[in-house]
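Order of appearance sets the numbers: ligands from 1, and atoms from 1 within every ligand.
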Amino acid sequence: MTQNRSFVAMDTMMQLTLPSGQGDAMEASEQLVKRLDGVCSRFGDGELAALNKAAGTPTVVSDELFALIENSGHYCTMTGNAFNPLLGKLMDVWGFSGSDDGLPRVAPAEEQLSSLLACADPALCEIDIAQSSVTLPDGAALDLGGLVKGYASDRVLALWRERGLTSGLVSLGGNVAALGGRPDGTPWTVGIRDPLSGDGLIGVLPVRDLSVVTSGGYERYREIDGQTYGHILNPNTGCPAESDLLSVTIICPSGELADALSTALFVMGAKEAQTFWRDHPELSFECVLVTEDRRVLTSPGLQGFEPEPGDYEVVGGAW
Ligand code: ADP
Ligand code: MG
């Protein structure tokens, strides 16, 4: 028997599943996710928000935030800047921040985008390990939205392990992480959503001790001048990524890595994403790419994917 708990944090629905009788662990997990939301939110008076206000001056940050900033720099380098954690101001001008009030009705001007992009260069961010201090480039804002849910799911699983639990599932708005298998010993099954239909699935995956993270243009988007813009930006242009992908699902043990890669590979598009998979066997990740022309591309090492019957052509084989 399992029990569930749902709550809202990080702007999305979160769901925890644990064997029955784990009320304390449930409560501690919810508090943990809400605490991380406070630390990593760009809004309010948490640590990241304060760091953003201090952009341009060295600021001492907690070990936790320091490690996240360091890691996000690694993801940036590793993905050739497809993952860029400094796009906060660009998210603002495209109207992806906060409420619907005051949203732009026209796309931001070219000059505005290029001046914000110039500040969002991760090479301009200085970190001092000895002092635990970070100096953000003046005019840029740190935005960890591309990996914070994956990180939070890792932390929840770590908390469960510390308490001796061996089975559980966390779903943080499209970021799923499994501890072990189900209490009855069978694997958890995680559905991969059909990006073109509300509740449909393109397939399911059996998982044990793995994270499954999906990014897509369909999750959060807005319309400007009749055009639809998704909330993942291309760091080379400062504009919403015009990807030939509808969604990217990454499967690997680390939720944080899976989250960062799902965002980055969406920006890259299908061909570059496949090349990235080939070039990075050391990252030990698998993926499912859903393309605009309705193909489902599964990476060669992916185990157990069961497609749902539907409108997509499932293409396995070599990458
Ligand atoms: P979701 O937040 O829906 O799970 P993602 O993990 O793909 O989706 O993260 C998208 C978020 O990441 C955006 O809302 C924004 O905060 C941030 N972001 C947007 N574009 C990028 C990018 N190219 N690199 C890193 N972070 C990004
Ligand atoms: Mg992500």
N or O contact, Leu233 vs ligand 1, cut-off under 3.5 Å: yes
O (Asp259) - the Mg ion (ligand 2) - OG1 (Thr263) angle, nearest 10°: 90°
Atom pair CG (Asp194) and CD1 (Ile202), whose distance is rounded to the nearest 0.5 Å: 7.0 Å
Contacting atoms of ligand 1, where contact means under 4.0 angstrom from a heavy atom of Asp259: 6 (O)
Atoms in ligand 1 flagged as close to Ala82, the criterion being non-hydrogen separation under 4.0 Å: 22 (C), 23 (N), 24 (N)
N or O contact, Ser262 vs ligand 1, cut-off under 3.5 Å: no
Under-4.0 Å heavy-atom contact with ligand 1, by part of Asp143 that carries it: side chain
Leu261 CG to Thr79 OG1 distance, which is reported to the nearest 0.5 Å: 8.0 Å
Identified side-chain contact (heavy atoms from CB on, under 4.5 Å) partner of Leu16 from the options Gln3, Met26, Glu27: Met26
Salt-bridge contact Asp311-Arg294 (side-chain N to carboxylate O under 4.0 Å): yes
Gly146 near the Mg ion (ligand 2) via N/O/S, less than 2.8 Å: yes
Distance (rounded to the nearest 0.5 Å) between Leu116 CG and Leu233 CG: 11.0 Å
Val267-ligand 1 polar pair, N/O distance under 3.5 Å: no
Asp92/Arg42 ion pair, N-O < 4.0 Å: yes
Polar contact flag for His231 and ligand 1 (N/O pairs, less than 3.5 Å): yes
